[in-house]
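What follows is a short report on a single structure.
Just so you know, ligand 1 is whichever comes first in the structure, and atom 1 is the first atom listed for that ligand. Index from 1, following the sequence.
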Amino acid sequence: MTGPESEEPQLRRAVCPGSFDPITNGHLDIIARASRLYDVVHVVVMINQSKQGLFTVDERIELIREVTAEYGNIQVEAYHGLLVDFCKQRDIPAIVKGLRAVSDFDYELQMAQMNNGLSGVETLFIPTSPTYSFLSSSLVKEVAQWGGDISHLVPGVVLEALKGRLGKS
Ligand code: PNS
């Protein structure tokens, strides 16, 4: 058979990149919404060797796998290099990012334009749920460090991992 009928349907793929040190409910909100828009969502932990994380890259991957397992179309891995090269290697045409506030926009726009100029990959922004508009991994770690309640801001397994790492019970 020739023509479009003979071709395998192309899976629609997108990537949600980040440091995920650790994954928060804000990240999860964006990943869950992306998973409803695309056939496969690649969640990639971008390795930044100049930044010492609280969790190792393998620990971050394991936590992400646990909390995204129920969506059924999430692939989690780490990458060291340019995000656009990760996309090129896996034939991923779209990056999905959450926008929390106007303050995110300047830098996100620069990255989106740079990535598009480098490779043609598109960036799509999803407005973060207002419930999480103030949320970041750094703030979660800081509040947890001093014993503040973050149980509504991270999944249960992440809460336990933070308590274990920071020596809180
Ligand atoms: O969770 P973060 O730390 O805000 O995520 C930032 C991240 C990792 C998505 C961004 O720094 C990134 O894409 N880094 C990969 C290296 C790269 O491609 N740099 C050029 C960006 S234009």
In the protein, what heavy atom is nearest to [atom], and what distance, to one decimal place, separates them?
atom: atom 19 (N) of ligand 1; value: L82 CD2, 3.9 Å
atom: atom 10 (C) of ligand 1; value: M111 SD, 4.0 Å
atom: atom 5 (O) of ligand 1; value: G18 CA, 3.6 Å
atom: atom 18 (O) of ligand 1; value: L83 N, 2.9 Å

Nearest candidate to atom 9 (C) of ligand 1, where distance is taken over non-hydrogen atoms, out of G117, P17, S138: P17

Under-4.0 Å protein heavy-atom contact, [atom]:
atom: atom 16 (C) of ligand 1; value: yes
atom: atom 1 (O) of ligand 1; value: yes
atom: atom 12 (C) of ligand 1; value: no

Result of checking [options] against [X] for side chain to side chain contact (heavy atoms under 4.5 Å, CB included):
X: L54; options: R60, K141, Q145; answer: K141
X: T24; options: L139, I150, V140; answer: V140
X: I31; options: V67, I126, V43; answer: V43

Could you list the atoms of ligand 1 found under 4.0 angstrom from a heavy atom of [X]?
X: M46; answer: 8 (C), 15 (C)
X: N115; answer: 22 (S)
X: G81; answer: 15 (C), 16 (C)

Side chains of [Y] and [X]: any donor to acceptor distance under 3.5 Å?
X: S19; Y: D21; value: no
X: H42; Y: R13; value: yes
X: T56; Y: D58; value: no

If you round to the nearest 0.5 Å, how far is CG of D85 from OH of Y79? 4.5 Å

Close N or O approach (S19, ligand 1; < 3.5 Å): yes

Less than 3.5 Å between some nitrogen or oxygen of M114 and one of ligand 1, yes or no? no

With a 4.0 Å cut-off, would you call E160 and R165 a salt bridge? no

side-chain contact (heavy atoms from CB on, under 4.5 Å) for L135 and R100? Distances and angles first, verdict last. CA-CA 8 Å; L135 185 52; R100 289 170 296 193; 5.6 Å; no

